[in-house]
Structure formats: structure tokens, C-alpha cells
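Report on the structure given below.
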Amino acid sequence: MVTVSATNFPAVNGTPERPSWPGLIEAYRQYLPVTQTTPVVTLLEGNTPLIPVPAIAQIIGKQVRVFVKYDGLNPTGSFKDRGMTMAISKAKEAGAKAVICASTGNTSAAAAAYARRGGMRAFVLIPDGYVALGKLAQALLYGAEVLAIKGNFDQALEIVREMAQSYPVTLVNSVNPYRLEGQKTAAFEIVEVLGNAPDWLCIPVGNAGNITAYWMGFCQYHQDGKCDRLPRMMGFQASGASPLVTGKVVTNPETLATAIRIGNPANWEKAIATQQASLGQFAAVTDEEILDAYRMLASQEGIFCEPASAASVAGLLKVKDQVPPGATVVCVLTGNGLKDPDTAIKHCQNSFKQGIEPEVAAVAQAMGF
Ligand SMILES: *Cc1c(COP(=O)(O)O)cnc(C)c1O
């Protein structure tokens, strides 16, 4: 297998091409636990856009600035790629032949893509019937060995944690510390674009790996003098799966935002520590509020994210009275809307006219002219 990195990008006409963006390990090497001999397995992930969302800012008013960090534009369509380039590179460095994860979908897609690129087997355990279609399609086509269990994510995670202790497979869920190391680079990118940390960071929370990783990233850049403040970390969960809000494990989590359908977050203590250190907050949003934000992002801002991602914007709108005037707010959009076409079509509140005769007159009539 060929590992593409900035250093071995294929030469064109004798001139070694360098990609305009070398992937996040090369870009942030000095901040990551890699050495010159770590085999970098990359799909040139990271460097995703920070997009202003003026319609949402207008709803809040008070001259706030709101941006979305659109991490659905990573190579497999979610922020999981940031963690996976690190986890898989380190697994390869350690000589692993196979990796395993439990997944609500995006982790399995990312693990499959990076593991296969690195020449490893990828085993993924998913909750039967609760994985969005696009994610399952990805895992299968990337060549993962997909095992659907008659249980939920939390049960799948317990199983893979045990498997990784007894069998020659490396665990690449967000309890793997390299995942968080890779994911913290999203905070670096935000600081670089804004010239400082935002006042608020709004983020959907499932296993709470990402909120922990962002906080690590902001703190590291703050220590390094790259920003002179730290954001309040605002974590949003779906109301049917909100253990960090209620303080209690949820045995049967329910939400249409399947990526955050988690009742017992793997990074529970780290999430609480992040909330406390940042003077942040956890709050719950209903599926209806998630869908409203999901439709608004698409139809008002032109941004198609997956339902779980829209929880960050739904949460911001829910607590908008608390936003300080003039604040800069970043909402993390964790995954691409194309992951879950079923939910989009079912909940779009839009329809299209079918069965129209293939004639200009008929089309014009259907258009209301
Ligand atoms: C994994 C995932 C989340 C949750 O991230 P955690 O690190 O588990 O809190 C949110 N949204 C999407 C789209 C995801 O794939």
C-alpha cells in the first residue's frame, strides 16, 4: 500500500507535486504525538471552511457573528477523519494488522477508509437498523467487515472494548487518545481564521470525544499565545439521549439524530471537566428543534449537514438569550447531510411535482406561469 503524505506525493513531469493542503498531521506535526518515522496515513483531511451564517445571526440579533465549522467536508464526510488519520497512523506504526470500532456510522466509515488505505482490516460493530444509509454504504464499499448487533451503540462499545483486550485488534473509538489528538486540530483552524478563539463554541455531543478534543486544541493554542481567550464550550445533546444534561445514564436512548444516539458517553468525565473549566453548559434539544435547525441551515444558508450536526445550531437558538452582545459564535457541523438522505426526504417539508408531460407548456404551467 502506498501512503500519501506531503513528502511522497507523486512527481509530475519530474517536479514533486505538493498538495496545497498536506493533511492535518503534516500541517500540525509539532502539536501531535508523531515522529519522522510515523507512517502517515492520510486522505488530506482537515482545513475545512468556517462559513458565516447570517440568517442565523440575524435571529439572535445583538450584532453577534455566527459561523459554522463545516467538518462534513472531510474526505469521508465527517469530523471523524481528523481523529482517524491519527489513530490509524499510530496503529500502523505499532504494527497493527486490524482495527475495531463500535459506531453509529461515521466512525465506521472513517475507520474503514483509513484502515484500508493503511493496509489493515477494519471491523465495525453497528446497532442494527440505526445507521444512516450513506454511512453503511461507505463502510461496506471501503471494505470494512461490518457486524450489526441486535443492540444499541453503548452495548457495541462495551463489546469492542473487551475484544481489543483479548484479540489482536486495535480499538479506534474516541477512547483511543490519538483520536482526540487529531480532532483538536479543528480548534487550531478556527483560531487561525478568526485570529482568536470564539466567545462560544456550540457542538453536538454524543460520546463527548469531540468537545474534549476542541477544548484541548483551544487550550494548547492559548498556551502557545495564538489566542488570548478561551471559548465557553456549549455542548448540545438530543433530549432523548441527554445523559450529560440529566446526570444519569440513558438505557434506551432515542433520537432521529442517530450519530448522537448515545446513553452512556465514553468520555463522560472529560466532558464534565471541559464544561467546568470553560464555564460552559450542557443542554438538550428536541428532535423537532434539531429538524428546524437542519431545514433552516439548508434552506436559508445553503448548508446541508446531518441531523446530529444541526443540534449545535438548534442549541444556540435555544439559549440565544444568553449570548452576549457582539459575541463571536462558532457552531460545529460534524457531518455531511448526504450521509442521511432518508431523513432529508422524510422531513424536508417540501415536495416536488411529478408526472409532468415533457413539454414547455406543461412545465410552465406546473411552475405557475
Ligand atoms: C460522532 C458524531 C458526533 C458526536 O461526537 P462525539 O465525539 O461522540 O461527542 C456528532 N455528530 C456526528 C455527525 C458524528 O458523527
Side-chain angles (χ1 to χ4, degrees), residues 48 68-84 87 101-111 113 124 126-127 130-132 134-136 138-139 153-154 156-157 172-177 179-184 186-187 201-217 233-238 241-245 253 255-272 274-275 280 282 285 290 293-294 297 303-315 331-340 343:
T48 55
V68 292
K69 178 65 171 162
Y70 192 18
D71 245 1
L73 289 184
N74 275 297
T76 79
S78 85
F79 77 84
K80 301 295 199 297
D81 294 346
R82 293 182 183 274
M84 215 50 85
C101 65
S103 177
T104 59
N106 283 332
T107 301
S108 65
V124 307
I126 57 170
Y130 287 92
V131 170
K135 305 177 188 182
L136 182 59
Q138 286 179 291
F153 171 86
D154 302 296
L157 182 61
V172 294
N173 279 104
S174 62
V175 291
N176 177 323
R179 282 275 308 277
L180 304 191
E181 291 289 333
Q183 286 169 210
K184 76 184 178 190
L201 187 96
C202 299
I203 184 168
V205 176
N207 274 306
N210 214 24
I211 192 171
T212 304
Y214 267 87
W215 182 243
M216 282 165 53
M233 302 295 284
M234 308 295 285
F236 297 104
Q237 299 200 290
S242 55
L244 291 166
V245 181
T255 169
L256 63 69
T258 50
I260 51 172
R261 187 173 170 269
I262 287 160
N264 189 10
N267 295 291
W268 191 310
E269 288 80 18
K270 288 183 183 137
I272 299 295
T274 295
Q275 179 246 321
F282 289 113
V285 285
I290 288 174
Y294 172 67
L297 278 163
I303 298 168
F304 189 21
C305 65
E306 62 175 283
S309 307
S312 62
V313 171
C331 295
V332 180
L333 298 186
T334 44
N336 195 301
L338 293 171
K339 294 271 191 177
D340 191 354
T343 300

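Each ligand, and each atom within it, is numbered from 1 in the order the structure gives.
Near ligand 1, heavy-atom contacts under 4.0 Å come from F79, K80, N106, V205, G206, N207, A208, G209, N210, A259, I260, E306, A308, S309, T334, G335.
For D81 (side chain) and T76 (main-chain N/O), a donor-acceptor pair under 3.5 Å exists by modelled atom type. One N or O on the side chain of Y70 and one on the backbone of F304 form a donor-acceptor pair closer than 3.5 Å. Proximity of a side-chain donor or acceptor of N207 to a complementary backbone N or O of G209 within less than 3.5 Å is not detected.
Side-chain atoms of T334 and S78 include no donor-acceptor pair closer than 3.5 Å.
With sequence neighbours excluded, no residue forms a salt bridge (Lys or Arg N to Asp or Glu O under 4.0 Å) with K80.
In this structure, CD in Q275 is found 9.5 Å from CE in M234, a value given to the nearest 0.5 Å.
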